[in-house]
Amino acid sequence: MTNLEVAELLRDIAAAYQLKDETRNKFRIVAYQRAADSIEHLSSEIKDIWDEGKLVEIAGVGPSLAKHLDEIFSVGSSSHFADIFQGLPMSIFELMKIPGVGVKTAYKLVKELPIGDKDPIGDLEKLAKKGEIAKLTGFGEDSQFAILRSINMVRKAVKRHLLPYAYLIAEKVSEWILQNKHVVRVEPLGSLRRRVSTIGDVDIAVATKNPGSVLDHFVSYPKKVRIIEKGVHKASILLPGGMQVDCMVQDPESFGSLLQHFTGSKHHNIALREYALKLGFSLSEYGIRAKTNDSDKGMETLKKFKTEEEFYNFLGLDWIPPELRENTGEIEAAKNHQLPDLILLSDVKSDLQLHSDFDVETSHDLGASSMEELVDMANRLGYEYIAMTEHNPSKKGHSNDEIVKILRRKQKKVKELNEMVNKEKVSVKRVFNSLEIDILQDGSLPVPESAFETLDFALVSIHSSFEMTKEAMTGRVLSALSHPKVKIFAHPTARKLNSREGVEIDWDKVFSFCVENNKWIEINGDPMRLDLPDFLVREGVKKGVKFTFGTDAHHKQGMENMQWAVSVARRGWLTKNDVVNTKSLKDFEEML
DNA sequence: GCCGTTTTCGGCCCGACTGTTTTCAGTCG
C-alpha cells in the first residue's frame, strides 16, 4: 500500500466512526485524521518504515494504530478496521471523493437512493440528472446542481498548476483588485508565498477599511467563469483552466494576523495554535486573545497585529520565513532562535546547467540561444561564471572518434569564448566547458574516455529506463557518479510535474556517496522539474550534501528560472554555504 | 487514539460560507 492509500484508509475509518458514534469518538476521529495527514506527508514510504519496525515514530501514530497497520502490512487486512466498516456500504466512501460531499451527506444519499457499490458516482450522477436528489429532505435544487458540478470536477481532475503560471494569475488578479480605491494593500499568500512546487489555488489577502466594496469588485473580475462563494470576509472565483482564486479581506490594523493565517500551511497553523494554547493564547486571523474560561471576558482582549513579525514575536518566536511553514520543526527552531539563514537569489554567482545552440549532434534537444547570447544574459544577471552543458553527442550514428572530434570542436569554441570575456571587462570571468551525459541503463556513460579530457567537469542525469527497482537504480546512479570527471547529479529524480513520477532511489546511499566522494546534487530550476524536490533537499543537507543550481535553460530567457531553484533550496532549509553556486570563481575552481 | 518545557490524565485549532432551515449542520481550509 502506498502512503496515499493508507491515508485514505485512515480517513475512511474516521468517517466510519463519525457515522457510528460521533460524540463518543470525537477525538478518536481527530486522531485518525491527523495520522492520515501525517502519513500522506511522509518523505519516505510507510511500507519501508514498517519494514524497519518504526511505525510508532510517525507523528500521530501510537501503539494502537501501529498494531492495526502492522496487521495490514503483514496479513493484508485488519480485523479491527473490518469491524468498524461493518454494516456500512463502501459506496459512502467513494461518494466522499466529490468536493462538498462529506460523510453525512454521502451516508444520507446512499441510504435514501439506489446507489450501488460498483459505480456510486455514476449512479449518483444519473439520479441527480433525473432530479431525484432535490426531492430528498435536507436537499434542494441548489445542492443537487452543486453535486452535479462537483462530479464534473472529479471527472476532469484539474491538475495542480506550475509556480510561474500561478504567479502570473496572482499578478493579474492583484492588478484588478488594486483598481478598487478602498484597497490599502494586496498580497498573494498561501502555497504561492510558501513557494510550493505546484499550486492548487491562488490566495490573495487585501487590507481595507471597506471589505464589502473590495469583495464586490473582486468577484466582478471580467475573466472569471463563475463565483464559487462570497461572504463578508472572503470570496472565491473560478478562472478558465480550473484555477480557483480566493480573496480574504481584513482591516489594516489586523493585516499581520491575516498574512500569517492565510499563508499557512494548514499544518503549520494548527501546530502554532496548539503551541499558543499552552501559553494561554488563542490565535485566529483577527489576532491573538488570552484564553479565559469566561467567554465574554475573552472577547475584550483581542490583540491586533499590523505585521507578521509582531505576531510571531508576541508568541516568543522569531519570524519564520514562509517557505519553512510546513510544521517540520520550524516552530521549535524559531523558539530556540535556530532558524537557518536562508539562501537568497542575490547570493547566486553562477548557473551550472545551460544548453546553447552549438551543434554537438545530440539526440536530445539543442538550445535555441548562442553561447554568446547566454554569456550576455549571464552578464546581465551579474554572474561570475557559467557552464555550457549541452547533451552528449548521440552514440547512435557516431563512432567514438567522431564523438571526440565533436567535443574537441566544442572545447575550442568555449576557449574562444573565454578569450573574449577576458578581453572585455564584464562580470562573467570564466565559461566552463561541461556536458550533460545520459546515464545508460547499466550505469555506463556514452562518452569515450578520451572525450572526457576535453571537459572541465561533467553532469550526469537519467533520460531513459525510469522503471527500475530501487536497488538497480541506485547502483546505476552510483556507477555513473564514480567517474572522476563527473561532479553533478542533475535533475536527480527525473520527475516531470503533473506527468511523470520521480524514479526510485535509495537517497540515503546516494547522499552518503556524494558527501564522501565530493559530488554535488543539482536543484534544477526548470518549473516543470524543480528537481531535487524540496523534502529530499532537506534530508540531503542534514547529511552534509552540497547542492548546485542549474536552470537547464534551452533559451536565454530560461536563465531567469534561477529564482525557482532558490525557492526549492529555501524550502529545503539551505543556507548560502550549502550551495556551490554561491562560491566565488576562485573557490569554485578549487572545489573542482 | 495520541501526547507531554504546566500533565502518564485530561486535554485535543479556529473560523468562514452555503443551503436548508427557522437556529443550524455540514463542509472546507
Side-chain angles (χ1 to χ4, degrees), chain A residues 10 13-15 17-19 22 24-38 55-69 80-81 84 95-109 133-147 149-150 189-191 200-201 203 211 215 219 227-236 244 246-250 257-258 260-289 291 295 298 302 316 327 331-332 335-336:
Chain A
L10 295 184
I13 300 279
Y17 269 127
Q18 263 175 288
L19 292 175
E22 188 168 10
R24 192 163 67 83
N25 293 308
K26 189 174 172 195
F27 294 107
R28 186 175 283 120
I29 290 162
V30 174
Y32 271 86
Q33 286 167 340
R34 302 195 105 187
D37 274 351
S38 175
L55 282 180
V56 288
E57 288 180 22
I58 300 170
V61 175
S64 263
L65 269 173
K67 183 173 150 282
H68 302 319
L69 290 175
H80 176 65
F81 288 176
I84 299 167
L95 292 189
M96 285 172 62
K97 290 178 181 162
I98 304 168
V101 175
V103 62
K104 303 285 175 65
T105 308
Y107 179 72
K108 215 192 269 179
L109 289 169
I133 294 178
K135 291 180 190 163
L136 303 174
T137 49
F139 292 86
E141 290 292 336
D142 285 353
S143 53
Q144 177 173 270
F145 182 65
I147 286 175
R149 203 162 48 192
S150 290
L189 304 174
S191 50
D201 48 30
D203 302 309
L215 288 180
V219 299
I227 299 167
I228 296 169
E229 63 178 25
K230 180 171 174 290
V232 290
H233 295 99
K234 57 183 273 197
S236 300
Q244 181 178 329
D246 301 337
C247 181
M248 264 188 136
V249 291
Q250 185 69 272
S257 315
L258 182 65
Q260 196 290 317
H261 169 81
F262 213 18
T263 296
S265 67
K266 180 184 165 189
H267 294 104
H268 172 81
N269 283 358
I270 289 174
L272 194 67
R273 287 176 200 146
E274 284 172 345
Y275 167 80
L277 260 188
K278 286 179 191 153
L279 302 176
F281 298 113
S282 173
L283 312 183
S284 75
E285 57 265 51
Y286 299 104
I288 299 178
R289 32 178 127 249
K291 210 193 172 201
S295 56
L302 178 72
N327 191 29
I331 294 173
E332 187 72 10
K335 194 172 80 177
N336 299 327

Do A/Phe27 and the base of B/dC2 stack face to face, with centres under 5.5 Å apart and an angle between planes under 30°?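 Stacking is absent between B/dC2 and A/Phe27, given that the ring centres and planes do not meet under 5.5 Å and under 30°.
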
What does [X] touch in the nucleic acid at a heavy-atom separation under 4.0 angstrom: a base, only the sugar-phosphate, or nothing?
X: A/His267; answer: nothing
X: A/Leu65; answer: sugar-phosphate
X: A/His268; answer: nothing

Is the shortest distance from a Lys or Arg side-chain nitrogen in A/Lys234 or A/Glu285 to a carboxylate oxygen in the other one below 4.0 Å?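 Judged by the 4.0 Å cut-off on N to carboxylate O distance, A/Lys234 and A/Glu285 do not form a salt bridge.
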
Below the 4.0 Å mark, does B/dG29 have OP1 or OP2 next to a side-chain nitrogen or oxygen of A/Lys266?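 No, no such contact exists.
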
Can you find a side chain N or O atom of A/Thr137 that sits less than 4.0 Å from OP1 or OP2 on B/dT20?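 Answer is no, no contact under 4.0 Å.
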
Could you run down the sub-3.5 Å N/O contacts of the protein with nucleotides 14-18 of chain B?
unit_1, atom_1, unit_2, atom_2, d
B/dC14, OP1, A/Ser282, OG, 2.8
B/dA16, OP1, A/Tyr286, OH, 2.3
B/dC17, OP1, A/Val232, N, 3.0
B/dC17, OP1, A/His233, N, 2.8
B/dC17, OP1, A/Lys234, N, 2.8
B/dC17, OP1, A/Lys234, O, 3.3
B/dT18, OP1, A/Lys230, N, 2.5
B/dT18, OP1, A/Lys230, O, 3.1
B/dT18, OP2, A/Lys230, O, 3.0

With a 4.5 Å cut-off on side-chain heavy atoms, are [Y] and [X] touching?
X: A/His68; Y: A/Ile13; value: no
X: A/Phe139; Y: A/Lys108; value: yes
X: A/Leu136; Y: A/Gln144; value: no
X: A/Ile270; Y: A/Arg34; value: yes
X: A/Lys67; Y: A/Leu55; value: no
X: A/Cys247; Y: A/Leu215; value: yes
X: A/Tyr275; Y: A/Lys335; value: yes
X: A/Met248; Y: A/His261; value: yes

With [atom1] as the reference atom in both, quote the distance from [N] to [M] in angstrom, rounded to an integer.
N: B/dT8; M: B/dC3; atom1: C1'; answer: 9 Å
N: B/dT6; M: B/dC12; atom1: P; answer: 15 Å
N: B/dG10; M: B/dC17; atom1: C1'; answer: 33 Å
N: B/dC14; M: B/dT20; atom1: P; answer: 31 Å
N: B/dG1; M: B/dT5; atom1: P; answer: 24 Å
N: B/dA16; M: B/dC9; atom1: P; answer: 38 Å
N: B/dC2; M: B/dT7; atom1: C1'; answer: 14 Å

Between [X] ([atom1]) and [N] ([atom2]), how many Å, whole number?
X: A/Tyr107; N: B/dA25; atom1: OH; atom2: P; answer: 18 Å
X: A/Leu19; N: B/dG26; atom1: CG; atom2: C1'; answer: 13 Å
X: A/Gln33; N: B/dC28; atom1: CD; atom2: C1'; answer: 12 Å
X: A/His68; N: B/dC2; atom1: NE2; atom2: C1'; answer: 13 Å
X: A/Leu279; N: B/dG11; atom1: CG; atom2: C1'; answer: 16 Å
X: A/Lys67; N: B/dC2; atom1: NZ; atom2: P; answer: 11 Å
X: A/Lys97; N: B/dC28; atom1: NZ; atom2: C1'; answer: 19 Å
X: A/Glu141; N: B/dG19; atom1: CD; atom2: P; answer: 13 Å

Looking at A/Ile98, is its backbone amide N or carbonyl O close enough to the side chain of A/Ser150 to form a donor-acceptor pair, meaning the two atoms are under 3.5 Å apart?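 Not confirmed, A/Ser150 side chain does not pair with A/Ile98 backbone.
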
Which comes earlier along DNA chain B counting from the 5' end, the contact point of A/Glu274 or that of A/Lys104, where each point is its nearest nucleotide?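 Its nearest nucleotide being more 5', the pick is A/Glu274.
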
Return whichever of A/Tyr17 or A/Val101 has its heavy-atom-nearest nucleotide of DNA chain B closer to the 5' end.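 Of the two residues, A/Tyr17 wins.
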
Hey, what are the protein-to-nucleotides 3-5 of chain B N/O distances that come in under 3.5 Å?
unit_1, atom_1, unit_2, atom_2, d
B/dC3, OP1, A/Gly60, N, 2.8

What's the closest nucleotide to the side chain of A/Val103 if the choices are B/dT27, B/dG19, B/dC2?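 Shortest atom-to-atom distance from the side chain points to B/dT27.
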
Across all strands, who's sitting opposite B/dG10 as a Watson-Crick or G-U wobble pair, both distances under 3.5 Å?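 Partner of B/dG10: B/dC3.
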
Heavy-atom closest contact (A/Leu65 atom, A/Ala35 atom, distance):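 That closest heavy-atom pairing would be CD1-CB, 3.6 Å.
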
